[in-house]
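Per chain, numbering begins at 1; letters A, B, ... match sequence-line order. Bear in mind that the values here come from a model prediction, so they are computed numbers and not experimental data.
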Amino acid sequence: MSDGAGATAPKPSSSVKLVLLGEAAVGKSSLVLRFVNNDFQPNKEPTIGAAFLTQKCQLPNRTIKFEIWDTAGQERFASLAPMYYRNAQSALVVYDITKPSSLVKAKHWVAELQRQASPGIVIALVGNKLDLCEDDNAEAEQADAENETEEEPSTARKVSTKEAKAYADEESLLFFETSAKTGHNVSEVFTAIANAIPETSLKGPRSGAGGGTQAAISAGQDNNRVNLNARGEAGPKEGCAC
Amino acid sequence: MFLQNLVQKAQQLIDPAVLPGPLGSLTSSDRPSKAQLFRHQFRLPDTQNPLYEITAELTLPGKSSRGGGGAPKNWDKSNWDRDRGTHYVGQLHLSEQFLCFSTVNTSFANTASTSASSAFTGRTHGTGPAGNGFTLPLCAVRRMERLHTQSYMFALSVTTWNGFDAGGEGKAGAPSPPKLTIQLEGSRQQCERFCDGLKRGLRQGIKEVDNMRTVAQECYSEYFMYDDFDVTPTPEKPDGTPRTPPDTGLGSVFKYPGNSKKLRDRSKMRLWHEYMKENGRNTTLVRQPDFHRLIRVGLPNLLRGEIWELSSGSFYLRLQKPKLYQETLVKHEGEGSLAIDEIEKDLNRSLPEYAGFQSEEGIGRLRRVLTAYSWINPEVGYCQAMNIVVAALLIYLSESQAFYVLSILCDRLLPGYYSTTMYGTLLDQRVFESLVEKTMPIIWDHLVKNDVQLSVVSLPWFLSLYINSMPLIFAFRVLDVFFLEGPKVLFQVGLAILRINGEELLDATDDGTFISVLKSYFARLGESAHPKSENPKHRAITNFQALMVVAFKEFEGITQHTISEQRSKHKGAVLENIESFAKRTSIRNLGPESKKLSMNDLGFLYDRFYTVLYERQQRSQIIQAEADRKQKQARQRASELVTGVPGNAPEMGRVALGPSSSQMDYDAFREFLAGVSKWAVTDSPSSPSKEDKSSNGYFASALRNRSASLSPWGAGPEPADHDFMQRLFKKWDADGNSALTLQNVVTGLAPIKGNRDIMSSIEYFFELYDDDSDGKVDREGILRISEALLFLSRRGVAGGLGPSSGVEEVKGPDGLPMSKDEQFLSAVSAFIRRCFEYADPDHPSRQDVDGAATGIKNLDVKEDDLLDLGEKKESDDHPLAENSTSAADDSVLARPSTNSFGQTASKNAEANAALDPSSPVHITLPTFRMLVLADETLESFFDSGFANSFHLADAPLPSSTLTSPSFLNLHNAAPSNSASPIPTISPGGPGAGVVAPGKGLRGMLDNIVTDGMRVAAEVKRRMDEAQKELDRGATTRGTEDEEDEEYEDHGRDLLDVAEADAVPERQGEAGGNLLDKDIVSSPTKAEAGSSAASVKSTGSTGMGKDVEKSTMFER
């Protein structure tokens, strides 16, 4: 439940609210599940409304505790989203690299966040399902029927890294391509976000505004927190790379 | 069922006290209609209406009679004794197909006040089969007899169909349920009326009997009650056919969740067997207090589905349309849709831990039910969470049963929950929060203080009916009560959860802890609530049982009434939120073109676009509803009212309520334009009073009642219909499907409003008329352009000169200021002439033209200088300048003559050559551009006037010009004539030249007009000679302009203007009329009546007037 580092050397700890947005079935919940429990389920129940999970990320000089809001992806749930991204300091906008339409939707989300979410929100654009195109460099050659399920390995990439990267640069987003199935790049995303959060905007866990200073107290508090995912008591092995 | 929905929706419109869905109407009353309350109380399909009602006493055979074996058989009219059995006093209701009784004393009669029908006292408060009683399909009545009685005038004995066993007098077969005895308590007349209605209904019901039997056979009770409880089921019927139990869901194959022993399933079955023996089953079930009790303790597996069907009312839907499910599947076999794609994504993720959904069988059922529903209700389609709910239903219900339950859920019990905007979900979250605030202020304050958002936690509870929050067995217990008592159960349970966990929740200071407290509570639902209690009985109480007690005892006060009240209270805010979100998203996604318009303008366009669609929909529905009502009245209480409004709910247009049409057809587009641009308002609104007079149709009376809302254009101005608008529509309709999306409108408008660049604006206009996009506009096109320019300017141009130009107003010959309209008119008349002067022949000899053009340009420059020096010149002078610059120096007095055709004799000859239809001509974009730029007025029009004529957010049209009914009325009704004191000036009046020229302004104007006309007349004559088909070119509105320059000059005194203008129209007199007649068409009149006949009218009422006018011209 608690990752060793927090107990031995209390570092400044702060919680960061992170929201996941993106089209349905791009793998938002799977990314979180991989990050939080280092697990993967091929048939995950769709998220209804939103799911809430927490996970810590150890940085050299501080601990970031992510409070992750994993939202439902279906279009009609979009109107619920403002409820979840309210006050979020960071966001993961996920698309499926085998589905160009999901990038379009991701762009909409980025626009929405930039306009409506808290100013200074750190946004990461994440192309998921990298495992579906083994050859990373092959760019959408096999133009065939797209698959939405993750078990189908046949589908090739439909969104080029270059295109997405260019967009991310233009909008100053962090950018990663990941595979929740293999775990590739997943923890890197969260670490990068943790690093990108300006220190000034950090606050102690639920202590209101101000810098993250109450190390000792919060460490104790954190240990009391229950990891919400019932199945995932095992604890994160490589939740964070650092 | 879908049809029934439509019918209901239509009926809701008729009843002013209507509640569309649960939400309450936005407009008038938040009260549901009586018919709706009636249907909800008895869970009837939407086709049913309360026809008769009467106070009555229901007598059931008491338990005592059960002992005396043959007791039921002794029940007949001879020895009926009202002292035996159980008595209930209540209200007996008759609908088209149902006889309903409830001890809850509610009235749905027409005379009853709405409060009398909504003041529920029973447990279900109007959302379920309240109180004790029955909902009896008339087709299930086997026999109905009138009993001899002393004390009551009317007593009826009802024998139901499954009171008799199918196999005759043998042992096996269902035991007879009791006959029901009903005494009617009312005046003789009342009773007779009721009985007459009943007789009719019963006769109708006979047709349904076979169908009813088939449907009932799918109920487990039919199988279950065949034998006594303790004997092994008879394997076959007396006739030898084998008896097989009906489909009771996946559970019968894959096991029902939970330990049936622990759930005491068998003893529950025994209790139900007893209950049904005495009180009937499926169609004929009578609700007594035990019914509610048996449901509260949890339904047994095999009967759960059937009781769900009965208490939710889906059974009655299935009874009405038993084949709908199969038919829907067959009809859409092989089709694909977005919903289906979404369903496919989730099939493997619906209750994946239940064995049935790891099998193809289970997945297949789930797929079919969800798909079928998405077809019958495409507005909802598929929403995540429906998969979970349906998966849960399928454990206890057959496919088709689950389908009907899902319909009831989406349409009635959870309205708006799964819609595309999920407004129902959001609304109920808001309601839930306010209930928490009300009932548990301490917890609420704590949540607020710690910024924990409750709905984040509770939303999945409601959306998936606790199915993915609680362990399945408990979620099903909640469902048992939910189907019986309605949506308020969800709230009660939710509140109870918070109350029970209150202390722990008060320790939680963030969302995470908050959620985890509840999660662990749900995991402990099966554990003892008092594990440390000495009393073994207390120890045996589980957390879940405690929860139910808190929910239904402590929160007993939460009734459907509470919920409805709260819903209407919060509805506005919730819808607004959704709408602003939708608007934001929609505007943001309009594409790059939209960036040319300001955010405000986009917002305005968005509002205007959806307002028009919404209002049109509303109007069409009111009209439709009106028609329906008439129809209904015509055939008194026809039981099958099948005409409905296709696909529309009363409020569908409201964005937040879900999908509706998001495309504009041409008519809607006209209306849209009329709200944005003055020129798009028609000059000859079809007078409502006229329609009133022709009161042959039923619309007439309707119009009298609600004329504002029933005019096809609502309260807004009636839009014009003009070639230009058609062209604009076509151009904006980029997808070519004769409908505009918001995207189309924005993309279409962006180049006009956004560029602010005269060249592109000219080009845009040119392209509108370049039909084959070959860069050339032919003769007809030129005429149409001129005509469009006049059309656009007939209410004045907000040109680049702007209001400030008043300082340097152009003076007319008589020293009166010349209005911009006049300038424009003359500019156009010059334009048309020049067009033909400089048109290229189709076999080009371009050099000359170019040369000439350059010449003109040079001269123009000169002249501009002159103009700057002092008095502004008629733009009309410009072309004349080419022969003698002295023209520019002419005094204003000289202008009429310089305008005349003769002065440019040499050019005229050229022009005439160009007019020769035998040598077709065209102008190219450069020529067009040149001609526009050669004229200051036109230049300013294209520079800004055209763009400014679309009033967006920056300067919306003053509402007075848009919606002034008095304006419309006066305009049409004004009886005065041209003798009106206000001199009516008519720029563009095509007939003006024929009429004896007036003095002053009028005279000057007439000259201008004459001048332009003569050019056009020449064109026309030759064209007519050459090609008949060019008739179309002379399109005319055949209408009068009610807003001439007086309109501008006299402070927009609409009434005056309307009055003044109405004159000529009414009387068909020549003076000051025909403002809208364009130059092109006028020569037609001047020429001969025959050509006038060729003028094609585009206005709806135009033709008649045209003819009238043309004769007038002949005179």
Side-chain angles (χ1 to χ4, degrees), chain A residues 15 17 23-26 29 41-55 65-69 71-84 86-87 104-105 107-112 114-116 148-149 151 205-208 221-222 224-230, chain B residues 338 341-342 344-353 357-358 380-385 387-388 418-423 425-426 429 450-451 453 455-464 468-469 509-517 519-520 523 577-579 581-582 584-585 588-589 656 658:
Chain A
S15 49
K17 179 168 173 183
E23 204 180 69
V26 294
S29 303
Q41 294 175 345
N43 288 327
K44 250 195 130 301
E45 279 196 27
T47 311
I48 304 302
F52 180 85
L53 301 96
T54 59
Q55 174 63 298
K65 186 188 159 209
F66 279 114
E67 297 177 346
I68 303 168
W69 287 102
T71 65
Q74 201 190 8
E75 181 69 37
R76 64 188 69 187
F77 283 80
S79 55
L80 311 183
M83 196 156 83
Y84 302 115
R86 198 180 57 118
N87 295 333
V104 174
K105 184 71 200 161
K107 289 178 179 174
H108 290 169
W109 279 124
V110 169
E112 167 84 9
Q114 284 171 340
R115 187 175 290 271
Q116 299 295 332
E148 278 118 19
T149 50
E151 313 96 299
R206 288 290 160 182
S207 62
Q221 266 186 8
D222 284 353
N224 288 336
R225 298 236 170 110
V226 185
N227 188 324
L228 288 171
N229 198 303
Chain B
L338 173 67
D341 294 345
E342 290 177 327
E344 283 304 318
K345 274 186 202 171
D346 290 344
L347 286 176
N348 286 314
R349 343 197 255 165
S350 317
L351 301 187
E353 59 274 30
F357 295 108
Q358 292 154 12
V380 166
Y382 167 74
C383 175
Q384 287 184 334
N387 62 326
I388 293 171
Y418 304 124
S419 80
T420 45
T421 58
M422 305 182 70
Y423 65 91
T425 309
L426 289 166
Q429 287 312 301
N450 290 285
D451 197 24
Q453 210 166 348
S455 55
V456 156
V457 185
S458 53
L459 187 135
W461 297 351
F462 286 75
L463 203 54
S464 59
N468 67 350
S469 306
T509 53
D510 63 278
D511 303 297
T513 328
F514 194 80
I515 293 177
S516 65
V517 165
K519 260 202 167 159
S520 80
N577 267 344
I578 298 174
E579 273 160 11
F581 178 84
R584 214 161 66 211
T585 316
R588 192 179 309 121
N589 297 341

*Where does A/F77 contact chain B at under 4.5 Å (heavy atoms): side chain, backbone, both or neither?*
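Both parts, backbone and side chain.
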*Given a strict heavy-atom distance threshold of 4.5 Å, which part of A/A78 is in contact with chain B: side chain, backbone, both, or neither?*
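Both the backbone and the side chain of A/A78 come within 4.5 Å of chain B.
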*Could you tell me which residues satisfy ring pair (Phe, Tyr, Trp, His ring centres under 6.0 Å) with A/W109, sequence neighbours excluded, listed by chain and number?*
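A/W109 satisfies ring pair (Phe, Tyr, Trp, His ring centres under 6.0 Å) with no other residue.
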*asked:* Can you confirm whether A/K105 sits close enough to A/E75 that some side-chain heavy atom of one is under 4.5 Å from a side-chain heavy atom of the other?
replied: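 When only atoms from C-beta onward are counted, A/E75 and A/K105 do touch, with a gap below 4.5 Å.
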_Quick check on the interface: out of A/A50, A/P46, A/A111, A/A81, who has the most heavy-atom pairs with chain B under 4.5 Å?_
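The residue among A/A50, A/P46, A/A111, A/A81 with the greatest pair count is A/P46.
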*Look at A/R86 together with B/D451 and state whether they make a salt bridge at an N to O cut-off of under 4.0 Å.*
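So A/R86 pairs with B/D451 through a salt bridge.
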*Which residues pass the side-chain hydrogen bond (donor to acceptor under 3.5 Å, both in side chains) test with B/T585, sequence neighbours left out?*
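So B/T585 forms no side-chain hydrogen bond (donor to acceptor under 3.5 Å, both in side chains) with any residue.
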*asked:* Show the nearest heavy-atom pair for residues A/I48 and B/Q384, with the distance to one decimal.
replied: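 What the structure gives for the nearest pair is CD1-C, 3.9 Å.
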Which region of [X], side chain (C-beta onward) or backbone (N, CA, C, O), has a non-hydrogen atom less than 4.5 Å from a non-hydrogen atom of chain A, or is it both or neither?
X: B/E342; value: side chain
X: B/E353; value: side chain
X: B/N577; value: neither

_Can you tell me which of B/G381, B/S464, B/S455 forms the most heavy-atom pairs within a distance under 4.5 Å of chain A?_
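Most pairs with chain A among the choices: B/S455.
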_Could you check whether any side-chain N or O of A/R76 sits under 3.5 Å from a backbone N or O of B/M422, counting only pairs where one atom can act as donor and the other as acceptor?_
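Side chain of A/R76 to backbone of B/M422: no pair is present.
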